[in-house]
*Asks:* 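Handing you a structure now.
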Protein chains: 2
Amino acid sequence: MGEGTHRRAGRPSTKVLSRQAITDAALDVIEHGGYDAFTVAKLARALGVAPSALYNHVRSKQDVLLWVQEDLMTKVDVSGFGTEPWAVATRRWALSYRDVFARHAPLVPVIAVMPVAGAPRTLAVYEAVAAGFAEAGWPIGTIVPVVVALESFIFGSALDANAPADIFDTADLAGVSPVFTAAIDAFAGSGGDYTPDAGFDAGLDAMIAGLEARLDRLRND
Amino acid sequence: MGEGTHRRAGRPSTKVLSRQAITDAALDVIEHGGYDAFTVAKLARALGVAPSALYNHVRSKQDVLLWVQEDLMTKVDVSGFGTEPWAVATRRWALSYRDVFARHAPLVPVIAVMPVAGAPRTLAVYEAVAAGFAEAGWPIGTIVPVVVALESFIFGSALDANAPADIFDTADLAGVSPVFTAAIDAFAGSGGDYTPDAGFDAGLDAMIAGLEARLDRLRND
DNA sequence: ACCTGAACACCGTTCAAGT
DNA sequence: ACCTGAACACCGTTCAAGT
């Protein structure tokens, strides 16, 4: 798949410090030790070169993060658009999008403000989503804000997925916040810890229901 | 208000490096130069002490960020809960919450995973919100996931509010992403830049509509 | 064209020494 | 109890020198 696959045998296969090699090494470092461990020094070591060598191929560490983000975008599932009803396709997209970036939360603030120009895979996702929305009957001028709204929810949920199980542990605070404490207890049931999935499900249900109601109204105009 | 206000005159007023003084200085540095400028050295300089002096009052830089976050929480408007209908109160809360942290986006990943224990102001906000939800008829066990869902949307929107105006500039990409490009053009109207408010409004409308529909169903059970 | 090794200007944090 | 100044172990990045 990668570049260099269909080169002649005997030819030195591929540049050692290709974009793909750097991105793969970065993902390796990140998967191994998280984003704290992702330093230029570690990345260089994983590639077997001196840190300064990287700067022949990359303008900054931030560049590498953008490459990683672009790479992850291929894991987002847009297969529902064009084949499934709008709500089903949107739900599938949202779930996979959130799952991918829940494991890369430090990238979320980066993606949220990254221009799509120069990010072809990200753009391809947007194109598939926009086409699916248009086909489902969303007027062309309504698509961008609705997609942005869903994305905001997805990004926030990806961050929330990293909350510790004790985030809502109100231990000695029942006197100070009785209703909230009761809400926590009622939610957790029999001493269960907090899991963020229930929040994501509730929000996705509500948002899709609200949007579908709007879509119905738009269709009947 | 702050500590030391009701001390006797003539007594040296307040510790120089009180929590309040450190938090205020931090907010000052952040407002002046953003989160990149917020270093321990700059914070110490603003307080007129050596960097190492801070560590008599703070365990880490992260501690100060948590103090700042707690301080900002007092700006979140929960006044609608208990006085206004659920949808109005929720909308007011969401708008102010998003506005406060849109100007402190680097804190968003911090809040999203911060335990409420030891954060009394944050807890006070949750208590007001939970009480408002309960009074509006939300069953006690449904409150936490619904609040988490709204918060996820709010946090994502706070990040999105910092997107550059050219985030969706598809310049030469009309051939590669025709539908998405058309959606951008139709949304931007007459050459207008992207503003994230439309996305926030669309999402908040949809989510509140979806939740209100669910609340109606719950009430009729 | 692309590498190395030294250097630079920072980081946050620790700690002995002072008062 | 709380400060200073020196030191530590890092950061990301630059650049002259090599091939």
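Lettering follows sequence order; numbering is per chain, from 1.
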*Asks:* How would you list all residue pairs meeting side-chain hydrogen bond (donor to acceptor under 3.5 Å, both in side chains) that involve residues 125-134 of chain B, not counting sequence neighbours?
*Replies:*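 Checked against side-chain hydrogen bond (donor to acceptor under 3.5 Å, both in side chains) - neighbours excluded - the pairs reaching residues 125-134 of chain B are B/Tyr126-B/Glu151.
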
*Asks:* Ion pair present between B/Lys75 and B/Asp99, side-chain N to carboxylate O less than 4.0 angstrom?
*Replies:*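 Salt bridge flag = no for B/Asp99 with B/Lys75.
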
*Asks:* After noting the C-alpha distance and the side-chain angles of A/Asp197 and A/Arg98, does the key distance pass the salt bridge (charged side-chain N to carboxylate O under 4.0 Å, His left out) rule?
*Replies:* CA-CA 11 Å; A/Asp197 289 43; A/Arg98 179 255 196 178; 3.6 Å; yes

*Asks:* Could you spell out the base pairing of DNA chain C as a dot-bracket line? Use Watson-Crick and G-U wobble contacts where both distances are under 3.5 Å, [ ] for crossing pairs, | for partners on a different strand.
*Replies:* ||.|||||...|||||.||

*Asks:* May I ask you to list the residues of residues 36-57 of chain A, by number, that have any heavy atom positioned under 4.0 Å from an atom of DNA chain C?
*Replies:*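 Heavy-atom cutoff 4.0 Å gives A/Val49, A/Ala50, A/Ser52, A/Ala53, A/Asn56, A/His57.
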
*Asks:* Return the value, rounded to whole Å, for the distance between atom NZ of B/Lys61 and atom P of C/dT14.
*Replies:*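 The answer, rounded to whole Å, is 15 Å.
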
*Asks:* Is B/Leu72 close to B/Leu27 at the side-chain level, that is, under 4.5 Å between some pair of heavy atoms?
*Replies:*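 B/Leu27 reaches B/Leu72 side chain to side chain.
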
*Asks:* Once you measure the plane-to-plane angle for A/His104 and A/Tyr35, does it fall in the parallel (<30°), tilted (30-60°) or perpendicular (>60°) bin?
*Replies:*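 Aromatic pair A/His104/A/Tyr35 classed perpendicular.
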
*Asks:* Exactly one of B/Tyr97, B/Phe153, B/Phe155 should register a ring-ring contact (aromatic ring centres under 6.0 Å, His included) with B/Phe200. Which one does?
*Replies:*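 Looking at B/Tyr97, B/Phe153, B/Phe155, the match for B/Phe200 under the ring-ring contact (aromatic ring centres under 6.0 Å, His included) is B/Phe153.
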
*Asks:* Step through the shown structure and confirm whether more than 12 heavy atoms of other residues, nucleotides or ligands are within 6.0 Å of CZ on A/Arg103.
*Replies:*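 No, because the 6.0 Å sphere around CZ of A/Arg103 holds 12 heavy atoms or fewer from other groups.
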
*Asks:* Taking the six-membered ring for Trp and the single ring otherwise, decide whether the centroids of A/Phe187 and A/Phe168 are under 6.0 Å apart.
*Replies:*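 So the answer is no for these two rings.
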
